[in-house]
Amino acid sequence: MRRRRPSESVNIIVCVKQIPDPETPAASFKVDEAAKKVIPAQGIAPVVNPFDPQATEAALRLRDAAGEGKVTVISLGPDSARDAIKHALAMGADEGVLLNDPSFEGIDNFQTAVALAKAIQKIGAFDLILMGRSAADWDMGVVPAGVGQLLGVPVVTVAKAIERNGGAVKVDRVLDDGFQTVETPLPAVVSVSNEFGEPRYPQLRQIMLAAKKTVQVWGAADIGMAADELGASGRWLPLDALYVPKVESNVEIIEGETPEEKARNLAQKLRAAKLI
Amino acid sequence: MEFNEAHHMFRKTVRDFVEKEINPHADEWEKAAIFPGHELFKKLGDLGMLGLEYEPQYSGGGVDHSYTMIFAEELGRADVGGIPMAITVQTDMATPALAKWGSHELKMEYLAPACRGEKICGIAVTEPDAGSDVAGLKTTARRDGDDYIINGRKIFITNSIQADFLVVLARTSDEGGYKGMSLIVVPTDRPGFQVIRKLDKMGNHCSDTGELAFDDVRVPVTNRIGPEGRGFQLQMQQFQKERMIAVYTAVGAMTRAIERTVAYLKQRQAFGQPLINNQYIQYTLAELVTEIEALRYLGHACCEQIVRGEDVTRLATMAKLKAGRMGRRVADQCLQFHGGVGYMDDMWTSRYFRDSRLASIGGGADEVMLRILTGMEGFQA
């Protein structure tokens with residue numbers, strides 16, 4: 001792997017993912033339990049993972065602050081995932097690569113990390129790899145760590161601010177109970193959280209430019225992935241079952257003449273259920 | 001009409017903008033009966049959305065009318081009708097003649113900042129005694145050396161409370177009738193210009209609408225758009241754009257109204273099942289979506305005519321007539337299917353019912369459309 005010597009120019013790779021719309025009504029969300037697959041909701045188009053435009057935004061700000069550089073967007077997915085790349089290009093990214101191959105069907109997050117790492121190695125020089133903090137479909141958030149591990153570079157997760165300082169970046173991380181500031185040398189992987197701020201809307205001019213840009217398509221062979229690394233059989237994390245959990249609710253109206261009596265009756269019920 | 005990747009990306013961007021920058025503020029702006037025009041327009045201007053078809057040298061986008069159609073359809077999906085109206089008054093009602101016939105200097109001074117969202121503008125045609133019958137207008141622009149001195153009253157002028165400039169149709173000669181009018185750019189900071197009152201309307205509350213007085217307002221003759229005495233003709237051309245915008249926004253609004261109504265009817269239980277299962281409701285909705293789609297494709301046909309540079313008057317007039325009437329039907333039916341809750345003032349159905357009513361009046365009333373069509377079709381012995 002060639003690593004770029006840090007300079008004023010910055011070379012950033014952003015990984016984006018197309019997912020089923022998280023706003024899909026619960027009634028429209030269905031899975032094929034036998035095939036262990038999510039059935040795409042009819043009439044509801046897939047969307048860019050909501051955290052990913054923030055990663056793109058971070059990349060564009062760092063590139064623009066440097067004054068020169070390149071932002072390359074990669075996505076692994078079906079043909080329609082080209083839309084996720086095009087959205088990033090319309091925001092202002094420079095180039096796009098779609099990893100698309102029938103053998104990517106059914107792979108898990110770890111196989112995805114392998115594929116992304118190999119694609120990034122094929123691209124070559126980079127200073128920084130940015131991703132959303134997690135994808136809102138499986139919500140595991142492991143791909144940034146996986147890619148960092150495979151490429152042998154530091155990983156900083158859940159960033160709310162990224163500042164480049166020569167050959168290093170200072171990252172403000174979001175913790176459960178506060179914030180943490182860390183610094184890491186480049187190259188590195190940083191996952192970006194929604195606290196980073198609103199991503200920009202594509203400008204008309206950028207949309208017209210993005211529409212003209214060609215997205216390169218690489219298959220498994222193009223990135224040197226072996227057959228036994230691919231497909232559902234190559235999963236690191238075997239999927240035993242996939243189902244929509246049954247949600248049951250029982251409503252009991254608490255009776256009482258006065259609000260105080262209702263509250264007393266409620267407290268007694270909760271105590272009987274050993275909830276208080 | 002075929003849409004390409006750029007069209008799809010543009011549509012998504014406008015939809016995102018409406019959902020994030022307009023809809024969350026809809027209730028607040030409606031209640032305040034005003035919206036932060038300069039703030040909102042600057043955001044749109046930064047994205048290149050306020051002068052889609054205008055030349056890039058005047059900060060325009062240089063794209064064709066199909067983008068305007070998409071822009072207006074998506075704006076029509078806003079939770080509030082006044083904002084699409086305010087935006088499109090600037091983009092497609094007050095500025096088309098300026099962009100086509102204005103001098104380079106005039107466009108640099110007024111069109112370019114309007115495209116960038118730095119200036120708000122409006123179109124001042126209607127007067128207390130002259131609305132759809134434009135020939136009846138009385139405002140005068142008397143020549144005095146290198147200036148015009150403007151006197152008169154204008155009413156129902158959208159954007160006029162916040163406007164930085166207005167494009168005013170005034171009489172520059174005494175010929176009368178359709179002759180002797182000119183379109184003139186009037187900055188609102190000129191002495192003698194006054195907003196007499198901000199008007200309260202039945203709907204579109206957040207859009208500022210004013211009654212205006214021009215008392216010896218002096219502007220340079222170089223502020224005139226196109227040849228002197230051709231104002232009526234330029235305004236009639238400009239009206240075609242206005243009518244098409246009314247159609248596109250109505251289609252967007254109707255489509256969203258049906259979507260929201262269907263979502264409500266699927267979850268609203270009555271007589272032991274969701275209301276949507278009622279055959280009367282199903283068939284009514286099927287009729288409405290059929291007519292909405294027919295109107296959408298009539299709009300597409302108009303759009304294609306405009307892109308090809310053809311005269312769109314006939315189809316635009318038909319589409320405008322149909323959009324006004326369809327909007328009223330759809331709004332009424334959606335409200336009806338919501339029952340009592342639909343009649344509540346804070347429900348979108350009430351607002352849509354009020355807002356959509358304007359489409360049969362503004363930009364030429366239904367009756368004017370019928371009159372134009374009667375003439376064009378030769379329905380007279």
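Just so we're on the same page: letters track the sequence lines, and every chain starts at 1. Atom set for the values below is all heavy atoms of this structure, side chains included, hydrogens, waters and symmetry mates excluded. Model, not experiment: these values are computed from the prediction.
For the atom pair CG of A/L204 and CG of B/L44, the computed distance is 12.0 Å after rounding to the nearest 0.5 Å. Rounded to the nearest 0.5 angstrom, B/H8 NE2 and A/H87 NE2 are separated by 16.0 Å. Atom CD1 of A/I207 is separated from atom CD of B/E5 by 11.0 Å, given to the nearest 0.5 angstrom. Rounding to the nearest 0.5 angstrom, the gap separating the CG atom in A/L89 from the CE atom in B/M9 is 7.5 Å.
For a residue to count as touching a neighbouring chain, one of its non-hydrogen atoms must lie under 4.5 Å from one of that chain's; by this rule B/K266 does not touch chain A. Proximity to chain A is limited to the side chain of B/V63, based on heavy atoms less than 4.5 angstrom apart. Heavy atoms closer than 4.5 Å to chain B are found in the side chain of A/E198, but not in its backbone.
Enclosure of atom CE in B/M108 is not indicated, since only 12 or fewer non-hydrogen atoms of other residues, nucleotides or ligands lie within 6.0 angstrom. Other residues, nucleotides and ligands contribute over 12 non-hydrogen atoms within 6.0 Å of the CD atom of B/Q269. More than 12 heavy atoms of other shown residues, nucleotides or ligands fall within 6.0 angstrom of atom CD in B/Q282. Heavy atoms from other residues, nucleotides or ligands lying under 6.0 Å from CD of B/E2 number 12 at most. Heavy-atom contacts from other residues, nucleotides or ligands closer than 6.0 Å to OH of B/Y297 number 12 or fewer. Heavy-atom contacts from other residues, nucleotides or ligands closer than 6.0 Å to CD of B/E293 number more than 12.
Exactly one of B/V14, B/D46, B/T13 qualifies for a side-chain contact (heavy atoms from CB on, under 4.5 Å) with A/Y201. That residue is B/T13.
When each of B/M49, B/E21, B/K43, B/K12 is scored by its heavy-atom pairs under 4.5 Å with chain A, the top score falls to B/E21. Contact count versus chain B (heavy atoms, under 4.5 Å) is highest, among A/K212, A/Q203, A/R205, for A/Q203.
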